[in-house]
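Note sheet for the following structure.
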Amino acid sequence: MKLIFVASPYAGDIEKNIDFAKKACRHVLNEGNAFFCPHLLYPQILDEDNLEERKLGINMGKKFLNKCDELWLFGNHISSGMFEEIEFARSKGIPIKRIMELDIKENELTPLRLGM
């Protein structure tokens, strides 16, 4: 099982983007991997509208990204935060995979996957 860093847009239609990030995480699970998705965690604690706190969240995410096996980019749009994560992954030699919205599998987890 690989540890996958999930990157998808957050800003803009936040409610829609959070729902999409959850689907992206489910996709990672369906592929038999574990995930880390900072934009489902950090905005609950940090103020996304505060530039210093946003930068702190991005920097903490990069610390975790450095421990992940791969960076998976979800969606049809690359946000500025995602671009920073891409550049960081490239500089560390972390493999990057792009998954478009239409390619996300929204199936329920199978019992075999839950037992991993």
### Query
Partners of Glu48 by salt bridge (charged side-chain N to carboxylate O under 4.0 Å, His left out), sequence neighbours excluded?
Arg54
## Note on the structure
Of all heavy-atom pairs linking Met82 and Ala7, the shortest is CE-O, 3.8 Å
### Query
Can you pull the salt bridge (Lys or Arg N to Asp or Glu O under 4.0 Å) pairs that have at least one residue in residues 69-80, sequence neighbours excluded?
Lys2-Glu70
### Query
Is a side-chain N or O of Glu53 found less than 3.5 angstrom from the main chain of Asp49, in a donor-acceptor match?
no
### Distance-minimising heavy-atom pair for Ile96 and Arg90
CD1-CG, 3.8 Å
### Query
Ile78 versus Ile86: any side-chain heavy-atom pair under 4.5 Å?
yes
### Message
Under the ring pair (Phe, Tyr, Trp, His ring centres under 6.0 Å) definition, can you give me all pairs with a residue in residues 39-59, not counting sequence neighbours?
### Response
none
### Message
The test is side-chain contact (heavy atoms from CB on, under 4.5 Å); show your working for Tyr10 and Leu40 and say whether it passes.
### Response
CA-CA 9 Å; Tyr10 178 78; Leu40 289 181; over 6 Å; no
### Message
To the nearest 0.5 Å, what is the distance between NZ on Lys92 and SG on Cys68?
### Response
13.5 Å
### Task
Rounded to the nearest 0.5 Å, what's the gap from CD1 on Ile94 to CG on Leu71? Could you check?
7.5 Å
### Co-membership, hydrophobic cluster, residues Phe5 and Met60, 4.5 Å side-chain
yes
### Message
Tell me whether Glu52 is salt-bridged to Lys55, with the criterion being a basic N under 4.0 Å from an acidic carboxylate O.
### Response
no
### Other residues, nucleotides, ligands: >12 heavy atoms within 6.0 Å of Leu51 CG
no
### Task
Treat each ILVMFWY residue as a node, draw an edge where side-chain heavy atoms are under 4.5 Å apart, and state whether Phe20 and Trp72 are in one component.
yes
### Which atom of Ala21 lies closest to which atom of Cys37, heavy atoms considered
CB-SG, 4.2 Å
### Spatial distance of atom NZ (Lys62) from atom CD1 (Ile58) [nearest 0.5 Å]
7.0 Å
### Query
Does Ala11 offer a backbone N or O that forms a donor-acceptor pair with the side chain of Asn17 under 3.5 Å?
yes
### Task
Would you please name every residue forming a side-chain hydrogen bond (donor to acceptor under 3.5 Å, both in side chains) with Lys22, sequence neighbours left out?
none
## Note on the structure
So OG of Ser8 and NE2 of His77: to nearest 0.5 Å the spacing works out to 10.5 Å
### Query
To the nearest 0.5 Å, how far apart are NZ in Lys97 and CD in Glu31?
5.5 Å
### Query
If Ile, Leu, Val, Met, Phe, Trp and Tyr residues are connected whenever their side-chain heavy atoms lie under 4.5 Å apart, and connections chain through other members, are Leu29 and Val6 in the same group?
yes
### Message
Do Leu65 and Phe83 land in one hydrophobic cluster if side-chain heavy atoms of ILVMFWY residues count as linked below 4.5 Å?
### Response
yes
### Message
Is there a continuous path of hydrophobic side-chain contacts, each under 4.5 Å between heavy atoms, that joins Leu73 to Val28?
### Response
no
## Note on the structure
When rounded to the nearest 0.5 Å, the distance separating CG of Asn76 from CD1 of Ile99 is 12.0 Å
### Task
Just jot down the ring pair (Phe, Tyr, Trp, His ring centres under 6.0 Å) partners of Phe64, sequence neighbours excluded, or say none.
Phe36
### Message
Holding to salt bridge (charged side-chain N to carboxylate O under 4.0 Å, His left out), I want the full list of residues that pass it with Arg98, two or more places apart in sequence or in another chain.
### Response
none
### Query
Looking at Phe35 versus His27, is the centre-to-centre ring distance below 6.0 Å?
no
